[in-house]
Amino acid sequence: MTKDISTAQLQFAKDVENGLSASQKYLSSKYFYDAVGDKLFQQIMELPEYYLTRCEFEIFEQHKDDILQKIKTEGKFNLVELGAGDGYKTKILLEHFINKQAHFEYVPVDISHQVLKELEAGLKAEFPNLKVKALNHEYFKALKELNKMDATPKVILFLGSNIGNFTPATAQSFFKELCEVMNKGDKLLIGIDLKKNPKTILKAYNDEAGITRAFNLNLLERMNRELGANFDLNNWDHFPTYDPFSGECRSYLMSTIDQDVHFEILNKTFHFKNSEPIHMEISRKYSLDEVETLAKNCNFTVRKHFMDSRGYFVDSLWEKS
Ligand SMILES: C[S@@+](CC[C@H](N)C(=O)[O-])C[C@H]1O[C@@H](n2cnc3c(N)ncnc32)[C@H](O)[C@@H]1O
């Protein structure tokens with residue numbers, strides 16, 4: 001596992017400066033995941049309102065054998081997971097694939113060093129014979145690493161509706177780029193949250209216990225810790241929205257007063273007006289038609305949609321044509 005902390009820190013500072021200098025202020029949601037953010041996200045996955053994890057869990061429990069039959073190759077394959085997190089749901093597949101004596105190596109990729117370290121240790125204890133090659137990289141850097149890998153067939157997992165964090169344009173360029181590092185016949189299994197009753201969706205991002213709020217505020221605390229900022233968390237409010245046309249759930253942090261925040265590392269102060277938002281995250285929902293159009297536009301063929309019993313979530317299996 002490789003990690004260059006100073007480069008990562010520098011990039012974090014640069015991204016924050018760009019986001020807070022924009023006329024509509026924003027922060028990149030990939031920075032949610034420090035050691036505290038990882039733990040908060042694990043709590044989110046257990047919330048009664050956060051249906052996404054339970055849906056994907058059900059899909060894997062119900063369809064793990066069909067998934068294996070559709071992805072397995074004659075010889076060995078590399079099972080690459082982008083944004084693996086704690087691998088909670090992936091372990092269902094890993095256990096089944098091991099029991100069925102599938103010949104594969106697992107390559108989890110995640111920007112969070114801590115979550116990857118814990119995942120590796122957990123896998124070693126649970127599946128001692130599983131070959132694991134963890135990559136502490138951002139998705140796009142991981143794509144370049146994948147490009148350097150040998151011609152062993154690849155099955156790429158992109159679960160938990162991580163795709164929802166992309167705008168439609170970024171999703172298209174991401175999957176086109178991904179397609180280029182794949183060989184004909186390689187597969188991609190993407191977990192995607194589907195459009196549904198807006199109230200169900202909005203509740204998932206506005207839980208009663210306030211964990212999603214704490215998850216968003218943690219990014220302000222992270223900037224205090226790592227960039228020497230002086231955000232006062234009492235002056236910020238969490239505000240999620242959902243637009244049923246675009247399928248975009250958006251999370252904002254709203255400044256509740258006129259305030260200045262200074263960043264020691266940047267030697268810069270940013271002003272926030274009363275009621276001014278910072279856009280924190282997009283969690284975009286798709287229809288099945290939109291999933292199919294995206295696959296086609298990026299040169300993939302949809303092999304199968306694996307759905308949960310309520311039709312809330314899909315794990316869509318694509319093959320490079
Ligand atoms: C919402 S969690 C989902 C984890 C897991 N895929 C699941 O379904 O439970 C997103 C994970 O992706 C990682 N991540 C987010 N943005 C990333 C990026 N740009 N590159 C690499 N990893 C990223 C985070 O660190 C986090 O562990």
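Whatever order the structure lists ligands and atoms in, that order sets their numbers, starting from 1.
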Undergrad: Do any side-chain atoms of residues 177-187 form donor-acceptor pairs under 3.5 angstrom with protein atoms, and if so which ones, sequence neighbours left out?
TA:
residue: Asp186; atom: OD1; partner: Lys154; partner atom: N; Å: 3.0
residue: Asp186; atom: OD2; partner: Asn183; partner atom: N; Å: 2.8
residue: Lys187; atom: NZ; partner: Gly185; partner atom: O; Å: 3.1

Undergrad: For the backbone of Glu208 and the side chain of Glu49, can you confirm whether one donor and one acceptor N or O come within less than 3.5 Å of each other?
TA: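 The answer is yes, because a donor-acceptor pair under 3.5 Å joins these two groups.
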
Undergrad: So, using side chain to side chain donor-acceptor pair (under 3.5 Å) as the criterion, who are the partners of Lys30 when residues are at least two apart?
TA: none

Undergrad: Scan side-chain atoms only and decide if Gln259 and Asp232 contain a donor-acceptor pair under the 3.5 Å cut-off.
TA: no

Undergrad: Please enumerate all residues that pass salt bridge (charged side-chain N to carboxylate O under 4.0 Å, His left out) together with Asp86, with sequence neighbours excluded.
TA: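 Expected list: none.
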
Undergrad: Tabulation required: pairs of a nitrogen or oxygen in ligand 1 and a protein nitrogen or oxygen under 3.5 Å; columns are atom names and distance to 0.1 Å; otherwise 'none'.
TA:
residue: ligand 1; atom: 6 (N); partner: Gly83; partner atom: O; Å: 2.7
residue: ligand 1; atom: 8 (O); partner: Lys89; partner atom: NZ; Å: 2.6
residue: ligand 1; atom: 8 (O); partner: Gly160; partner atom: N; Å: 3.3
residue: ligand 1; atom: 9 (O); partner: Lys89; partner atom: NZ; Å: 3.3
residue: ligand 1; atom: 19 (N); partner: Glu138; partner atom: OE2; Å: 2.9
residue: ligand 1; atom: 20 (N); partner: Tyr139; partner atom: N; Å: 3.0
residue: ligand 1; atom: 22 (N); partner: Ile111; partner atom: N; Å: 3.2
residue: ligand 1; atom: 25 (O); partner: Asp110; partner atom: OD1; Å: 2.5
residue: ligand 1; atom: 27 (O); partner: Asp110; partner atom: OD1; Å: 3.3
residue: ligand 1; atom: 27 (O); partner: Asp110; partner atom: OD2; Å: 2.7

Undergrad: Taking all non-hydrogen atoms of both residues, which atom of Asp193 and which atom of Tyr312 are closest, and how far apart?
TA: OD1-O, 3.2 Å

